[in-house]
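Numbers for residues simply follow the sequence, beginning at 1.
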Amino acid sequence: MNTSKTEVIDRHHLGRLINEQSIKHTWLASTIKVSEKTLTRWLNGDVTRIRVANLKKLAEALNCQMESLVAESEVDSYPSTKNRDILVNELYNDSLLYQLLMNSKIRLAISLIKSTFHSKLPGAIVASFYTKLGYAALFNRKQKTARKYFDRAMARAQSSGSEEEMFSVNLALAILHFLDSNFEQCLYNLTCCEERKEHACQEKAHFYNTYALYYLYTGQVERSISYSNLCIDECSPDKASIEKDLFLSTALQLKGAAFLIEGDSDNAIVCCESALLVAKRSGYERCIRLSKAYLAGVSAATGQLDLATQLADESLEKADEQDISMPTLLCAAILVHRHNDDLDSLLDLHKRLCCISPEQSAPFVFSLYQLFKLYQLRGNRTEAEPISQQINTLLDNLKLNAWKMEVAGQPSQSMARK
């Protein structure tokens, strides 16, 4: 046993001891001075770790060695051989893993998936599990690990001949390439999904949402709004798409940003306020943070600076630096501080962004543009013009010509609206 303050509880052995000794839950909970609800959560696996002090009390009450109540790992506590097939079916249904990932229970999601792998699993299910492991890596911005899992998923999907899994893997790869700012490859994988759209099943809202993201970042604003609307339609009660509140909130965020770029601030505010309401309904903290970030950016652009600052601060509060949402949260806060004419805060946030987003990335260019814009508004051409040239070079490399700027430091019509 290690010296940490908590241990992974072997819930199966605990349950056997309670049954063998015909111990009532009420008595046991009272004896070790925890609530009966807490004991039930240990037995059900809702809580995997237990304080050593409570573990010692359990061992004394059950007249057993404390070490016998400790599982070797969280994987060993999920699941027993008897119920593994049940868990396979639960995990193959995306909703459970979405809930774990969106609630930042990534290690638990990974443990659950890995604990179900066995040689007799159908290839399509193995492909699905590798895809999900890739998503778990992406949520912590571990793109290399994600790519490894997605490649394995693709190989299994191809060998199984499952068009549904081919769609899923291509969608996952599109998101991976989007996060890497490889927009050409992102579009290629989205096109592969388009060819299999009839096999999208519950992922159609996710698919449309990713297209909306691609078109927004590449400056094709009207198309972004169109695909946001398609996503919103797929989130209606009569459609089968999974995690409707999650994707509805995201589609409204993107639509709000697109309206802002087009100069329609009224609709931008309406969409982003609606996105926050839906996010709160979902209960996912990451979704709520992102909705606050988008609303902060729109509020700053429309002159509501106090509200924008408050929302930007709230969106970054308790956010994990390694979380998938962090570059977006930082970009929104940077936009707010540019509108606040707060150069010091902008530079501090830009440095944070540089630590997690490479120079050859859309978030870095966006942040650099806000710095350029602030220098330009202050009339500091000495600082502004070299930055404009750097931005153009990066936009060339990323093939984001819709956002190109004039070399003299004046933004093009499309960039000026951003």
Side-chain angles (χ1 to χ4, degrees), residues 91-98 101-102 122-135 138 146-147 149-255 257-258 275 278 287 324:
L91 295 179
Y92 193 52
N93 176 351
D94 283 329
S95 60
L96 174 58
L97 285 172
Y98 261 118
L101 294 173
M102 289 304 298
I125 292 180
V126 174
S128 173
F129 284 176
Y130 276 133
T131 301
K132 291 169 173 63
L133 285 170
Y135 275 125
L138 273 189
R147 181 57 190 258
Y149 285 128
F150 292 153
D151 285 345
R152 291 179 182 177
M154 180 65 79
R156 292 298 185 120
Q158 289 174 334
S159 64
S160 70
S162 171
E163 291 292 326
E164 181 180 339
E165 294 309 321
M166 288 289 289
F167 177 94
S168 294
V169 181
N170 273 292
L171 181 56
L173 286 168
I175 295 166
L176 171 68
H177 292 305
F178 173 83
L179 292 173
D180 284 338
S181 295
N182 186 345
F183 297 107
E184 284 191 329
Q185 192 63 44
C186 173
L187 180 59
Y188 168 78
N189 289 115
L190 284 173
T191 303
C192 291
C193 289
E194 188 77 46
E195 295 169 356
R196 298 176 173 85
K197 193 164 62 175
E198 67 272 21
H199 302 286
C201 298
Q202 293 184 316
E203 290 191 284
K204 194 170 285 187
H206 193 185
F207 168 60
Y208 289 141
N209 193 77
T210 307
Y211 246 134
L213 265 173
Y214 166 79
Y215 282 128
L216 181 67
Y217 272 62
T218 56
Q220 302 173 72
V221 180
E222 291 184 2
R223 287 191 174 188
S224 181
I225 292 174
S226 295
Y227 275 91
S228 293
N229 286 334
L230 288 171
C231 179
I232 291 168
D233 181 63
E234 283 299 322
C235 294
S236 61
D238 60 317
K239 298 296 178 66
S241 286
I242 199 166
E243 288 298 322
K244 293 178 182 179
D245 283 344
L246 167 62
F247 292 115
L248 176 57
S249 177
T250 307
L252 288 166
Q253 294 165 15
L254 299 177
K255 194 173 177 181
V278 175
C287 193
I324 190 175

Taking atom types as modelled, find out whether [X] and [Y] have a side-chain donor-acceptor pair closer than 3.5 angstrom.
X	Y	result
Ser162	Glu164	no
Glu222	Ser226	no
Ser160	Glu165	no

If you take all heavy atoms of [X] and [Y], which pair is closest and at what distance?
X	Y	result
Val278	Asp245	CG1-O, 3.3 Å
Asn209	Ala251	OD1-N, 3.4 Å
Ala174	Thr210	CB-CG2, 4.5 Å
Ala127	Ala153	O-CB, 3.4 Å

Exercise. Under the side-chain contact (heavy atoms from CB on, under 4.5 Å) criterion, do Leu176 and Phe150 qualify, and how do the steps go?
Worked result: CA-CA 9 Å; Leu176 171 68; Phe150 292 153; 4.0 Å; yes
Less than 4.5 Å apart, any side-chain heavy atom of [X] and any of [Y]?
X	Y	value
Asn170	Met154	yes
Phe207	Glu194	yes
His177	Glu184	no
Leu254	Tyr215	no
Met166	His199	no
Phe129	Val126	no

Quick one: [atom1] on [X] to [atom2] on [Y], what's the gap to the nearest 0.5 Å?
X	Y	atom1	atom2	result
Cys231	Tyr211	SG	OH	14.5 Å
Gln202	Ser168	CD	OG	10.0 Å
Asp180	Cys186	CG	SG	10.5 Å
Leu246	Cys287	CG	SG	5.0 Å
Leu248	Ser236	CG	OG	10.0 Å
Leu213	Thr250	CG	OG1	7.5 Å

For this session: List the steps, then state whether side-chain contact (heavy atoms from CB on, under 4.5 Å) holds for Leu171 with Asn189.
Result: CA-CA 7 Å; Leu171 181 56; Asn189 289 115; over 6 Å; no
Mind checking whether [X] and [Y] have ring centres under 6.0 Å apart?
X	Y	answer
Tyr214	Tyr227	no
Phe247	His206	yes
Phe178	Tyr217	yes

For this session: Using the side-chain contact (heavy atoms from CB on, under 4.5 Å) rule, take Tyr208 and Lys197 through it: C-alpha gap first, then chi angles, then the decisive distance, then the call.
Result: CA-CA 10 Å; Tyr208 289 141; Lys197 193 164 62 175; 3.8 Å; yes
Exercise. Can you tell me if CZ on Arg223 sees more than 12 non-hydrogen neighbours from other groups inside 6.0 Å?
Worked result: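 12 or below, so no.
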Polar side-chain atom of [X] near backbone of [Y] as donor-acceptor pair, under 3.5 Å:
X	Y	answer
Ser224	Gln220	no
Ser241	Ala205	yes
Ser128	Ala124	no
Lys244	Lys239	yes
Arg156	Arg152	no
Lys204	Glu234	no

For this session: Given side-chain hydrogen bond (donor to acceptor under 3.5 Å, both in side chains), test Thr191 with Glu195 step by step and report yes or no.
Result: CA-CA 6 Å; Thr191 303; Glu195 295 169 356; over 6 Å; no
